[in-house]
Amino acid sequence: MTPPPSPRRPRWRNLALLALLLAPLLWPLQQLAERYYRNERIEQNRQTLDLYVANLLGILSRYEVLPGILGNLPALRATLHSAEDPALRDNANRLLKKLHRQTGADVIYLMDLEGTTLASSNWDDHDSFVGRNFAFRPYFRQAMEGQGRLGRFFGLGNTSGKRGYYFGSAVYDGDKAIGVLVVKVDLDHTETLWGKTPEQLLVTDNFGVVILTSRPEWRFRATRGLEADEREQIAFDQPYTTLNPQLMTLDLDSWLIQSRELKETGWTVRILAPITLLERPVRTVVAIGGATLAALLLLVGLWMQRRRHLLERIALDARARQQLERRVQERTQDLEALNSRLKQEVLEREQTQQELVRTQDELLQAGKLSALGTMSASISHELNQPLGAIRSYADNARVLLDHQRTDEARDNLQLISELTARMASIIAHLRAFARRDRHAPERVALQPALDDALALLAKRRQAMGVELIRDLPEATLWVQAGETRLRQILSNLLANALDALSERPPERRIWLRAERKNDGVLLTLRDNGPGFSEEALQRSREPFFTTKTSTQGLGLGLAICDTLTRALDGELSIANHPEGGAQLSLYLRSADPGVTFPSED
């Protein structure tokens with residue numbers, strides 16, 4: 001039966017293609033957002049600029065008419081007619097001081113036709129204008145041109161060093177000018193009204209030099225190149241702190257700039273808004289648009305996934321029906337063949353069962369032989385050292401008897417008896433270890449057990465010329481262990497060290513060091529032999545692994561020591577010392593000398 005064709009499934013690449021088609025829509029969205037926020041920012045900046053221009057013109061217009069009005073005061077006219085009269089000049093100074101306080105002007109002063117100051121509102125200050133000549137100032141020259149012209153000038157005061165805007169008006173007696181009255185307006189406080197905003201305001205004079213700004217580093221910088229005649233005029237009028245204003249470096253692409261010209265003063269007021277103020281909301285709009293597009297694509301993808309699952313379920317049901325019909329046919333054929341093979345399989349199963357029983361018997365016997373071999377090897381390894389000591393003591397006893405030294409021979413026989421008892425204890429321990437019996441630890445003194453193990457190997461160590469370096473505390477160190485097991489561990493570790501030193505020429509050394517560490521005792525045994533190879537470090541704890549010949553050892557020493565140490569809740573570390581040789585660290589839990597544990601023997 002031919003299966004029906006599977007319905008066409010929607011592809012994820014269609015979704016990716018849709019995403020590629022919709023992604024370009026973010027560009028016109030960005031353009032629209034940028035245009036909207038740019039227009040909005042331009043309108044806000046225009047309002048701010050209008051407000052500042054109105055405030056600046058309001059301040060100037062408030063003082064613009066003041067020189068013409070004050071010039072008609074009789075006291076000032078009298079001073080101009082009788083400039084040498086001290087009383088009149090003092091009266092004029094006090095009058096101008098009073099007018100200064102009432103009007104809020106920075107300075108008001110009266111000048112004669114030569115430009116010399118006769119009276120000033122700051123007459124009693126250290127920077128008084130009285131007696132100073134300002135005929136070079138443009139406001140004086142403009143006022144003296146006649147016809148009621150008002151002199152105007154912005155610049156730094158030569159005496160005070162403060163910025164100000166000067167209004168100068170000629171004082172007339174009939175049609176004849178007899179002097180000039182000047183009012184200086186302080187504009188420093190206008191900058192403080194701008195506050196700390198991202199937008200920057202600056203005012204440039206007719207030379208294009210910044211005279212007022214919200215950024216002090218821009219002050220008295222030129223916004224354009226200056227002509228030679230303009231530089232000569234600046235040098236003559238001295239309106240700034242410098243005679244050669246430096247050009248202001250400004251990246252115009254980073255700012256949105258709007259300007260307004262003030263015809264009354266010849267100034268240009270500009271407001272500069274950072275482009276970042278536009279970029280931030282534009283990025284937000286683009287991000288929202290991108291998120292909306294992603295959400296749309298996600299919904300479309302979920303719909304496509306659901307539709308795909310539906311189509312797969314329909315196709316799966318169709319295939320399942322076909323498979324069911326085919327399986328029914330196959331099962332019918334299989335049942336017919338199964339009946340014919342059933343008898344044959346019963347016979348084969350009986351033969352297999354018999355073979356399995358025979359194999360299990362062989363595996364059991366092999367396991368017994370393996371356990372017997374391991375036990376024999378362990379007993380042979382552990383009894384090798386006591387047997388060697390017994391042989392040595394027996395030889396010594398025979399020599400002592402030949403020399404009629406019976407007491408010393410009796411001592412050797414006593415030692416032989418103790419060694420046979422120890423051999424019996426080792427055999428009992430290994431038998432218990434093979435049965436996996438658990439014994440509670442007892443309180444054991446480390447130094448005596450170490451002395452006993454050293455005594456067991458003393459003759460071999462002396463015959464090899466091995467120097468023993470001990471670093472043991474005088475106070476007895478008590479550990480939780482079994483006396484037989486601890487001596488067995490120490491004897492194996494010392495024997496392995498002597499075996500390693502047999503491969504090296506003199507000088508041969510063994511270092512022993514014990515110390516308390518945390519809640520236990522750490523015994524470190526180090527030799528200056530060849531050390532462990534990389535393979536030995538990885539496999540030294542494996543039973544029957546050895547780097548010696550078959551006649552020198554079975555490879556059970558470190559494996560037994562590691563197993564016994566872990567049974568005592570201790571730890572045996574094997575490494576190479578940085579200065580050469582092997583280093584074994586035995587860590588055992590410390591025991592309280594006042595606590596007695598049951599014996600394992």
Close side-chain approach of Val269 and Tyr52, heavy atoms under 4.5 Å
yes
If you compare all heavy atoms of Arg224 against all heavy atoms of Asn206, which two are closest, and at what distance to 0.1 Å?
NH2-O, 3.2 Å
Main-chain N/O of Leu57 paired with Ser61 side-chain donor or acceptor, under 3.5 Å:
yes
Those residues that, when tested against Glu217, pass side-chain contact (heavy atoms from CB on, under 4.5 Å) (two or more places apart):
Arg215
Check whether any side-chain heavy atom of Leu512 lies under 4.5 Å from a side-chain heavy atom of Leu450, and answer yes or no.
yes
For Thr103 and Leu99, the nearest pair of non-hydrogen atoms, with its separation, is OG1-O, 2.7 Å
For residues 68-81, the side chain to side chain donor-acceptor pair (under 3.5 Å) pairs (sequence neighbours left out) are Asn72-Arg77, His81-Asp173
Taken in chain and number order and not counting sequence neighbours, the residues that satisfy side-chain contact (heavy atoms from CB on, under 4.5 Å) with Ile257 are Leu252, Trp255, Arg270, Leu272
Quick check: do Glu579 and Arg526 have side-chain heavy atoms less than 4.5 Å from each other?
yes
Which one of Thr268, Val203, Asp50 satisfies the side chain to side chain contact (heavy atoms under 4.5 Å, CB included) criterion with Arg260?
Asp50
If you measure from the Lys or Arg side-chain nitrogens to the Asp or Glu carboxylate oxygens, is any gap between Arg589 and Glu571 under 4.0 Å?
no
Geometric class of the Tyr165/Phe167 ring pair [parallel <30°, tilted 30-60°, perpendicular >60°]
perpendicular
Looking only at the aromatic ring of each residue, does the gap between the centers of Phe140 and Phe153 stay below 6.0 angstrom?
no
To the nearest 0.5 Å, what is the distance between CZ (Arg221) and CE (Met248)?
8.5 Å
Interatomic spacing from CZ in Phe154 to CD1 in Ile211 - rounded to 0.5 Å:
4.5 Å
Closest approach of Val209 and Pro245, non-hydrogen atoms and distance?
CG2-CG, 4.1 Å
Begin from the C-alpha positions of Asp124 and Lys97 and carry the test salt bridge (charged side-chain N to carboxylate O under 4.0 Å, His left out) through to its verdict.
CA-CA 9 Å; Asp124 55 348; Lys97 183 78 170 182; 3.4 Å; yes
Between Arg89 and Glu84, is there a salt bridge with N-O shorter than 4.0 Å?
no
Taking Thr476 for the side chain and Ala445 for the main chain, is one N or O donor matched with an acceptor at less than 3.5 Å?
no
Backbone N/O of Tyr139 and side chain of Gln142: donor-acceptor pair under 3.5 Å:
no
How far apart are the closest heavy atoms of Glu114 and Asp112, and which atoms are they?
N-OD1, 2.9 Å
Keeping Gln447 on the side-chain end and Leu477 on the backbone end, is there a donor-acceptor pair under 3.5 Å?
yes
Which atom names give the shortest non-hydrogen contact between Phe532 and Ile574, and what distance separates them?
CE1-CG2, 3.4 Å
Within a reach of under 6.0 Å around CD of Glu507, are more than 12 heavy atoms found that belong to other residues, nucleotides or ligands?
no
Is it true that Trp123 and Tyr109 have ring centroids separated by less than 6.0 Å?
no
Less than 4.5 Å apart, any side-chain heavy atom of Gln480 and any of Arg443?
no
Check for a donor-acceptor pair, side chain of Ser121 on one end and backbone N or O of Ile108 on the other, with a separation under 3.5 Å.
yes
Considering all heavy atoms of both residues, which atom of Leu95 and which atom of Ala75 are nearest to each other, and what is their separation?
CD2-CB, 3.8 Å
Answer whether the closest heavy-atom distance between the side chains of Leu446 and Val521 falls below 4.5 Å.
yes
Pairwise distance CD(Glu515) to CG(Leu472) - rounded to 0.5 angstrom:
11.0 Å
